[in-house]
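Protein chains get the first letters and strands the later ones, always in sequence-line order, with residue 1 at the start of each. Since this is a predicted model, take the numbers as computed values, not measurements. Computed from heavy atoms alone, side chains included, the values below leave out hydrogens, waters and symmetry copies.
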Amino acid sequence: MRSFVVVATLLLTVEVVAGGTKRPAPAVSPSPVLVPAAPSLAPVDPRAAAEELLAMELAGWRKINPSDRCWKGKSFRYLKAAAFGGNSEESGDPKIVLAENDPAPRILDVRADPEDATLYHVSFEVVAKGRKPKKGRLTFSVNEVNVEKIGRVSLIAQPDFVFYRKSCQP
Amino acid sequence: MSFRWYFVGFVAGLGACSGTNEQFRHPDGDEEVRRAGAIDAMTRHPAVVGANKIAALNYQHCGGLSMTLLGSEDPSAKGISIVGTHPNGVGKKRKVKTADVPKLLASHFYHKQYKGARLPASCFAGVNVDKTPTIYDYGGKPAFVKDQDVLKKYYETKKLEAPADEFYRPRLDFLADAGSGVSGQLGIDCSGFVMSSFALGGLRIRKASPAGGNDPHHALGADFAFHATGGAEGKALDARIDTIDEFMDYQLRDGADDRLKKIFQESSLPEQSQSVMEVPLHSVDAPVESDLTEEDVEELHGAEAKYAKVRAAEGADFTDTGARAFMTGAAWGLTCFQSPRFALETPVRTGDVIANRGHVVLVSRAGSDPYRMDKIRARAQPAIDAWRKAGAKDRPGFYKKMKALHCGVGAMNHSTWDFDILQSSPVSGGVGVDQMRIGEYMDTGAFTSLKVFAARTCAYQLGRWLREGDSDALTSWKNDHSGSGIEFSSRSSEIAIQRHLLTPDCKGEALKAMNEECLESCTQPQTR
């Protein structure tokens with residue numbers, strides 16, 4: 001139930017932000033993706049996985065000194081919610097941080113890697129009141145092993161900037 | 001151009017940041033792999049020797065020379081307080097309060113093994129980590145001891161033979177409060193650990209230049225010290241900056257003087273580029289803005305904003321070159337390193353460095369099949385056999401199908417990977433110096449991008465498996481680099497593996513550590 005709330009909240013955010021703009025044609029089949037080498041695992045909806053990743057971005061999981069307040073107690077369908085990289089001090093040092101004016105992400109495209117069916121490339125934009133949208137991208141893998149420990153989905157290539165709700169600061 | 005920037009940039013930018021017989025134990029008990037790993041470790045890469053020495057000094061215990069492996073689910077250390085954020089806005093400031101020392105010693109994965117059985121404090125000029133325990137100290141570096149009077153006294157106290165040229169080589173002190181970490185807290189961070197490991201191993205980061213060279217009066221050469229070379233500019237720096245700590249402080253100051261700033265900026269320019277391509281991770285043609293704009297700066301806040309403004313004012317990637325220096329290797333002046341190329345070289349070896357944007361580790365042991373391709377092959381072999389039995393038709397089509405089935409990034413099982421890392425990291429509650437199996441470290445969610453390299457290795461090996469027994473096909477395929485991934489290096493926008501060249505121009509006089517003589521009583525091998 002909780003996971004539903006989290007995802008639903010994010011979807012709402014995405015839809016509101018997207019209001020009035022033309023959504024690009026989906027690059028991903030609307031049907032769930034079958035991951036070939038993992039017949040026992042439930043299929044992953046790549047767009048929903050991308051939304052969970054963006055939800056965690058909003059919760060500040062890649063922020064330096066993250067607070068787990070914004071994801072603690074919530075469960076996700078695909079992600080193991082924790083500070084990215086196990087510890088924010090090891091996750092890098094993004095130059096650009098957007099936290100003012102309630103930044104909100106909008107998925108532009110989710111595309112399967114042409115060479116690797118377990119990889120997905122996501123392009124998105126973040127809008128915040130009073131500033132132009134900022135485009136970003138990320139890549140995630142659909143994990144077929146170690147799922148209990150690391151989750152069904154892992155962020156493989158990070159967005160090169162960070163955005164989060166200011167209320168999610170420690 | 002001087003190296004000084006590269007080292008210091010590395011140290012500052014990272015700022016932050018894991019054998020016994022058990023070390024050689026493979027989780028699957030695979031004897032062949034276990035043996036290969038042991039043999040590899042026995043070659044004793046100089047940087048690993050240096051890292052082991054640092055670990056033993058850090059814990060004042062011979063066990064540091066062959067550390068047990070920390071697991072991702074081992075209980076976290078208790079008694080470490082977060083007392084703030086580093087001035088650069090990135091790392092946490094950690095402190096063990098006096099009252100919490102017993103709690104820490106009882107819970108810290110390594111201290112609890114070593115407490116009460118340390119090497120004698122008298123050998124460490126009275127420093128006793130049972131009283132002032134070492135932990136992960138973001139910004140913490142070894143003290144750089146170069147004062148001739150101090151060193152001469154040290155030699156006399158230790159009853160060491162004075163150097164023939166009467167110049168006492170600088171030493172690193174790992175049990176001194178140095179760097180820009182928490183005042184009064186002992187410990188070093190990831191970059192301090194890895195860089196020091198190479199220095200103690202006598203390995204340069206940048207190739208020796210004719211000017212800098214191996215002058216023993218600059219024992220750290222052009223690599224480790226910012227005191228070594230550079231004529232007038234170098235002297236200017238010497239006059240201003242005597243320690244790593246001072247240099248760190250300098251970097252973080254807003255009002256750095258323009259002349260020095262110019263020196264750093266000039267020396268931070270990429271010296272060369274590597275011709276081998278990095279692995280592409282993004283295939284979406286989305287425009288990405290990566291420059292810091294005025295609007296972005298205005299959106300920042302707190303320490304991040306202040307720090308970002310400083311960086312913006314500096315112009316170049318002034319303070320965040322650290323891990324990126326290792327990620328890009330030679331392009332950032334680390335000319336003694338090169339990323340191994342897929343298929344042409346063993347993908348991971350003992351002594352390799354793995355770095356992402358915020359962390360760097362040293363590979364302390366690697367088996368001959370680090371990504372465990374043997375396991376993937378075992379799964380793939382029945383289908384390969386059936387394909388051969390049916391006439392081995394349409395190899396490209398079969399390859400594509402098999403690659404999709406077995407070589408996806410998401411199918412890479414890091415739990416089976418056969419290499420270990422030594423690092424100083426905030427894992428397990430902030431332990432600091434530790435050793436972990438790579439899979440255990442990745443279970444914390446770190447270094448996930450390594451799976452891309454494993455997948456690429458898998459794709460290459462699969463091509464080889466399908467050509468086994470067909471020598472013509474194998475030969476022509478090996479000579480045809482196109483499409484095989486052979487031309488890619490183990491470097492991507494997210495993570496890089498860097499391998500020291502170990503060539504003569506990348507070796508120098510090994511730096512010594514203060515009190516390393518205390519380790520002579522240890523029975524484990526500590527040198528090659």
Revision key, fill the gap. So OG of B:S415 and CD1 of A:I150: to nearest 0.5 Å the spacing works out to 7.5 Å

Study note, to complete from the structure: Separation between NE2 (B:H414) and OG (A:S154), nearest 0.5 Å, reads 8.0 Å

Review point. So which of B:V409, B:I82, B:T448 has the biggest tally of heavy-atom pairs under 4.5 Å with chain A?
Key: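 Option with the top pair count is B:V409.
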
Review point. Between B:E73 and A:K149, is a side chain to side chain contact (heavy atoms under 4.5 Å, CB included) present by the stated rule, with each step listed?
Key: CA-CA 10 Å; B:E73 293 180 357; A:K149 284 190 170 179; 3.7 Å; yes

Check your understanding: Below 4.5 Å, heavy atoms only, C-beta onward: do B:N413 and A:N146 meet side chain to side chain?
Key ->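 Answer yes - side chains close enough.
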
Review point. Are the side chains of A:I156 and B:E494 in touch, meaning some heavy atoms are under 4.5 Å apart?
Key: no

Review point. Has A:D102 got more than 12 heavy atoms of other residues, nucleotides or ligands less than 6.0 Å from its CG?
Key: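 Incorrect, the count does not exceed 12.
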
**Study point:** B:Q381 CD: over 12 foreign heavy atoms closer than 6.0 Å
**Key:** yes

Check your understanding: What part of B:K451 lies closer than 4.5 angstrom to a heavy atom of chain A: side chain, backbone, both or neither?
Key -> side chain

